[in-house]
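The structure under discussion appears below in the form of structure tokens.
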Amino acid sequence: MTVHTRTALVIGGGVAGPVVATALRRAGVEATVYEAYDSAADGVGGGLSIAPNGQDALDAIGLGGVVREVGRPLAGTVLRSWKGAVLGEISVPPGLPELRFVWRAELSRGLRDAAAGHGVRTVYGKRLERIEQDGERVTAHFADGTSASADVLVGADGIRSTVRRLIDPAAPRPEYAGLLGFAAAVADTGMAPTGRRLNISYGRRASCGYLVYDDSSGGWFMNLPHREPMTVAQARAVGTDQWLRTLREAVADDRSAAPELLRRTDPADLLITGPLETLSTVPTWSRGRVVLVGDAVHATSPSAGQGASLAFESSVQLARCLRDLPYAEAFAAYEGLRRERVERIIAAAARTNRNKANASARIVRDVLLPITMRIAMKMLRPGKMTWQFDHHIDWDAPVPGTVPVRAGGA
């Protein structure tokens with residue numbers, strides 16, 4: 001095997017950073033992660049689900065055990081109205097593993113530790129300021145005056161990516177979806193188990209997703225419509241006591257589990273995850289020796305339940321391409337393998353966000369969704385909607401030359 005790329009700088013130590021660095025190490029590329037913050041982000045972030053396709057991608061590089069260790073199985077989702085009535089149910093397609101619900105902080109810590117076990121080094125306090133490239137190397141310059149060089153640089157620095165802005169100043173900026181996010185674990189919900197199903201209640205003034213386990217412990221997340229965008233720092237400055245009062249008022253008239261869950265939530269346990277944001281189509285995925293991965297290039301809202309899973313897929317595919325091809329050809333092949341799929345999923349999630357943020361849409365949805373779902377179940381051919389979950393990456397398969405890029409979804 002001809003080694004085309006020997007070293008890589010990975011900018012961003014969140015969920016995607018350790019995964020892409022591990023994948024690169026497996027491909028024979030020495031990768032080091034550079035994180036802007038001074039320490040690991042333990043205790044930061046709410047809950048998320050890892051879909052079967054995300055688990056498959058992690059298994060390809062030996063990290064699937066992390067999700068199985070820290071995650072709880074999810075067999076599907078139950079959609080409910082503000083009155084508590086079941087609007088519809090969505091199950092994992094037959095023959096595929098169940099989803100896994102994880103707290104982001106536990107997932108991040110598990111992936112970071114596993115990556116270290118694979119020889120990945122993480123350096124903290126390295127906030128990227130500028131990038132220089134020449135014919136042989138790419139150099140990252142950090143705010144503390146230090147720098148680092150390698151054959152390629154991978155931007156895994158999230159939806160507000162500095163790398164994306166540096167390689168294309170005209171790149172799209174994150175767009176506020178009109179919702180603020182909150183979450184909490186609850187030691188004793190006082191409720192019956194939800195049977196490995198995430199319940200989502202579309203309230204009159206906020207939506208709430210929740211899980212209850214066999215021991216009555218559980219967790220919830222809420223999306224609160226909020227006209228004016230707020231940064232995470234601004235939202236946290238309001239304080240957990242005030243936000244809990246606001247959230248309780250928002251669901252006070254709902255006949256769902258949300259009021260009781262919020263009543264049993266200690267302000268000290270409230271996680272303020274901040275604004276829900278989306279990213280429109282990113283025209284430039286790479287420039288020279290620099291390439292983007294994960295939310296830095298294809299951020300989807302939490303409504304999709306696919307953000308982390310898509311980042312894992314892209315990390316593995318990028319590593320395969322750099323293993324088998326020179327960097328310029330590898331970046332083109334990587335984009336060709338990924339763009340159509342991720343943009344199709346992003347478009348579906350955007351429609352869900354519009355419904356959550358719009359009160360009139362919620363009323364129409366509550367009336368029409370049961371009818372729509374019955375018709376859909378009759379009309380859809382078996383397996384037609386499994387394309388998101390049933391996505392396998394063959395790590396050992398050689399990557400051919402440039403894969404044509406096709407924007408948009410089929």
Side-chain angles (χ1 to χ4, degrees), residues 1-8 10 15-31 50-68 92-97 111 114-115 117-120 151-152 154 156 285-286 289 291-294 296-298 306-345 383-410:
M1 179 181 67
T2 301
V3 178
H4 301 285
T5 299
R6 296 183 181 276
T7 57
V10 177
V15 170
V19 175
V20 71
T22 301
L24 287 168
R25 293 283 298 194
R26 185 175 175 86
V29 180
E30 182 180 347
I50 307 300
N53 49 291
Q55 297 173 51
D56 180 90
L58 290 178
D59 280 334
I61 56 171
L63 295 184
V66 173
V67 171
R68 287 186 284 273
V92 177
L96 294 176
L111 291 174
H118 284 80
V120 173
D151 294 335
V152 297
V154 181
W285 283 38
S286 64
R289 293 178 175 270
V291 66
L292 300 169
V293 74
V297 70
H298 51 62
Q306 281 281 0
S309 294
L310 290 181
F312 300 157
E313 288 181 11
S314 291
S315 297
V316 173
Q317 292 288 38
L318 174 61
R320 289 180 62 239
C321 293
L322 284 169
R323 176 194 67 192
D324 296 347
L325 301 168
Y327 76 88
E329 193 173 350
F331 292 168
Y334 157 68
E335 183 177 350
L337 288 169
R338 300 300 297 154
R339 182 183 281 275
E340 180 179 8
R341 172 171 168 78
V342 300
E343 290 184 356
R344 184 179 176 190
I345 293 175
K384 182 173 177 59
M385 300 306 293
T386 65
W387 63 273
Q388 287 194 35
F389 302 117
D390 190 11
H391 184 80
H392 175 66
I393 299 174
D394 185 350
W395 173 265
D396 294 324
V399 178
T402 304
V403 179
V405 177
R406 292 186 293 171

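Here Arg320 pairs with Gln317 under the side-chain hydrogen bond (donor to acceptor under 3.5 Å, both in side chains) rule; sequence neighbours left out. Every residue meeting the side-chain contact (heavy atoms from CB on, under 4.5 Å) condition with Ala51, not counting sequence neighbours, appears here in chain and number order: Asn53, Gln306, Ser309, Phe389. Residues passing the side-chain hydrogen bond (donor to acceptor under 3.5 Å, both in side chains) test with Ser314 are His298, Arg338, sequence neighbours excluded. Here Val297 pairs with Val282, Trp285, Leu292, Tyr334 under the side-chain contact (heavy atoms from CB on, under 4.5 Å) rule; sequence neighbours left out.
For Ile393 against Ala57, the heavy-atom pair with the smallest separation is CD1-CB, 4.4 Å. Across every non-hydrogen atom of Asp324 and Val399, the tightest pair is OD2-N, 2.8 Å. Nearest approach of Val15 to Leu111, heavy atoms of both residues: O-CD1, 3.7 Å. Between Val293 and Ala311, the closest heavy-atom pair is CG2-O, 4.5 Å. The minimum heavy-atom distance linking Arg341 with Gln388 is given by the pair NH2-O, 2.7 Å.
A donor-acceptor pair is defined here as one N or O able to donate and one able to accept, closer than 3.5 Å; no such pair exists between the side chain of Arg323 and the backbone of Val29. For His391 (side chain) and Trp387 (main-chain N/O), no donor-acceptor pair under 3.5 Å exists by modelled atom type. Between the side chain of Asp151 and the main chain of Thr5, no donor-acceptor pair closer than 3.5 Å is present.
Rounding to the nearest 0.5 angstrom, the gap separating the CG atom in Leu325 from the CZ atom in Phe331 is 11.0 Å. Annotation: the span from Glu329 atom CD to His4 atom NE2 amounts to 8.0 Å, rounded to 0.5 Å. The distance from atom CD of Glu335 to atom CG of Leu337, rounded to the nearest 0.5 Å, is 10.5 Å.
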Give the intermediate values and the outcome of side-chain contact (heavy atoms from CB on, under 4.5 Å) for residues Leu318 and Val20. CA-CA 8 Å; Leu318 174 61; Val20 71; 4.2 Å; yes
Kindly indicate, with the supporting measurements, whether the criterion side-chain contact (heavy atoms from CB on, under 4.5 Å) is fulfilled by Phe312 and Ile50. CA-CA 10 Å; Phe312 300 157; Ile50 307 300; 4.0 Å; yes
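Among residue pairs with one or both ends in residues 54-63, those qualifying as side chain to side chain donor-acceptor pair (under 3.5 Å) are Asp56-His392, Asp59-Arg68; sequence neighbours excluded.
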Under 3.5 Å, which donor-acceptor pairs link side chains of residues 21-28 to any protein atom two or more places apart or in another chain?
from	atom 1	to	atom 2	distance (Å)
Thr22	OG1	Pro18	O	2.7
Arg26	NE	Ala60	O	3.2

